[in-house]
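Atoms within each ligand, like the ligands themselves, are counted from 1 in listed order. Bear in mind the structure is a predicted one, so any value in this text is a computation, not a measurement. This chain uses plain numbering: 1 for the first residue, then up along the sequence. Both backbone and side-chain heavy atoms feed into the values below; hydrogens, waters and symmetry mates do not.
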Amino acid sequence: MKILRYETVDSTNNVALRLIAEGAADRTVVTANEQTAGRGRRGAEWVSPPDSNLYFSIILRPPTPFEPAVMPQLAFVASVAVAQALIALGVNAGIKWPNDVLARGKKISGILIESSPRMDVVVIGVGINVNWREIPAQLAAKATSVALETGRRVSIDDCLKLALKEIDDALLLHKQGFPSVLKEWLSLECTTGREVKTVRGGEEVTGTASGIDERGGLLVQLASGEVITVTAAGALIED
Ligand code: BTN
């Protein structure tokens, strides 16, 4: 793996996408000390101050383009890897469907996966809150960090190495088939049993997350007893 380190970038995902256009190789990693325009899912901002957290993006260039079904599976691959890296650092981490990593119900890591239309290149962008202690007031109730969870500072570079190793292992596991990844993911997830909101037929509905199907879709039991499947990543409404 080639690791390209930057001081300040707009977004490591943007840099990775630009490097792809210049022919960057499979498994090229882009990391930065600070992002000025860190991106989250659904157009949200990913707050990315300097000297605090880990921001990186890894380029995947498979020998043949990924099948469409593989794209959502990569969210499970990445979240399993990040959760395991955090557990190794002493954090009691769990995964909220499909790929948010939480500790004590607060977000400690976010993952943004972007691909070319032909799915011949994919960028997995990962943000992990590492040594962040002064979390801005508007985020403090819903975000945490390794330092806040474990009471100690961690080297951001050690955290990167650990996360990359876990991503490597999870990609190898995925080569055995998605069920192997899903099994691992299920042992780490903390969504089922919780109340979730989603949109159905243009209307917001609330139900209880009751399980995961074999493709990674979330089963949601509505008050009527009917069970619906939420498929697209990001189709849950956040509070
Ligand atoms: C989310 O939970 O909404 C996803 C957040 C993803 C943040 C990471 S930080 C590194 C990479 N660069 C970005 O601009 N976003 C991702």
In terms of residue, atom name and distance, what is the protein heavy atom nearest to [atom]?
atom	value
atom 15 (N) of ligand 1	Arg39 O, 2.7 Å
atom 9 (S) of ligand 1	Gln35 NE2, 3.4 Å
atom 11 (C) of ligand 1	Thr12 OG1, 3.3 Å
atom 8 (C) of ligand 1	Gly127 N, 3.5 Å
atom 3 (O) of ligand 1	Arg41 N, 2.7 Å

Do you know which two heavy atoms are closest between [X] and [Y], and how far apart they sit?
X	Y	value
Ile108	Ser145	CD1-C, 3.5 Å
Ser79	Pro98	OG-O, 3.5 Å
Val101	Ala93	CG1-CB, 3.9 Å
Ala83	Ile95	CB-CG1, 3.9 Å

With backbone taken as N, CA, C and O and side chain as the heavy atoms from C-beta onward, which portion of Lys107 lies under 4.0 Å from ligand 1: side chain, backbone, both, or neither?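 Looking at Lys107 and ligand 1, just side chain atoms fall under 4.0 Å.
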Side chain, backbone, both or neither: which part of Val126 comes within less than 4.0 Å of ligand 1 when only heavy atoms are counted?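 Looking at Val126 and ligand 1, just backbone atoms fall under 4.0 Å.
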Give the atom numbers and elements of ligand 1 that come within less than 4.0 Å of a heavy atom of Gly40.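 Selected atoms, number and element: 1 (C), 3 (O), 4 (C), 5 (C).
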What are the atoms of ligand 1, with element, lying closer than 4.0 Å to any heavy atom of Phe56?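 Counting atoms of ligand 1 from 1, those under 4.0 Å from Phe56 are 10 (C).
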Is the shortest N/O to N/O distance between Trp46 and ligand 1 below 3.5 Å?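 No; every N/O pair is 3.5 Å or more apart.
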In this structure, does ligand 1 have an atom that sits under 4.0 Å from one of the heavy atoms of Gly38?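 Contact check Gly38 vs ligand 1: positive.
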Between atom CG of Asp213 and atom OG1 of Thr231, what is the distance when rounded to the nearest 0.5 Å?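 Asp213 atom CG to Thr231 atom OG1 measures 8.5 Å (nearest 0.5 Å).
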Report the member of Asp100, Asn99, Ile111 with the shortest heavy-atom distance to atom 4 (C) of ligand 1.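 Among Asp100, Asn99, Ile111, the closest heavy atom to atom 4 (C) of ligand 1 belongs to Ile111.
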Going by atom types only, do Gln35 and Ser48 share a side-chain donor-acceptor pair under 3.5 Å?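 There is such a pair between these side chains.
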Taking atom types as modelled, find out whether Thr8 and Glu34 have a side-chain donor-acceptor pair closer than 3.5 angstrom.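 Glu34 and Thr8 do have a side-chain donor-acceptor pair below 3.5 Å.
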Any salt bridge between Asp10 and Arg18, counting N to O under 4.0 Å?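 Between Arg18 and Asp10 there is a salt bridge, with a charged N closer than 4.0 Å to a carboxylate O.
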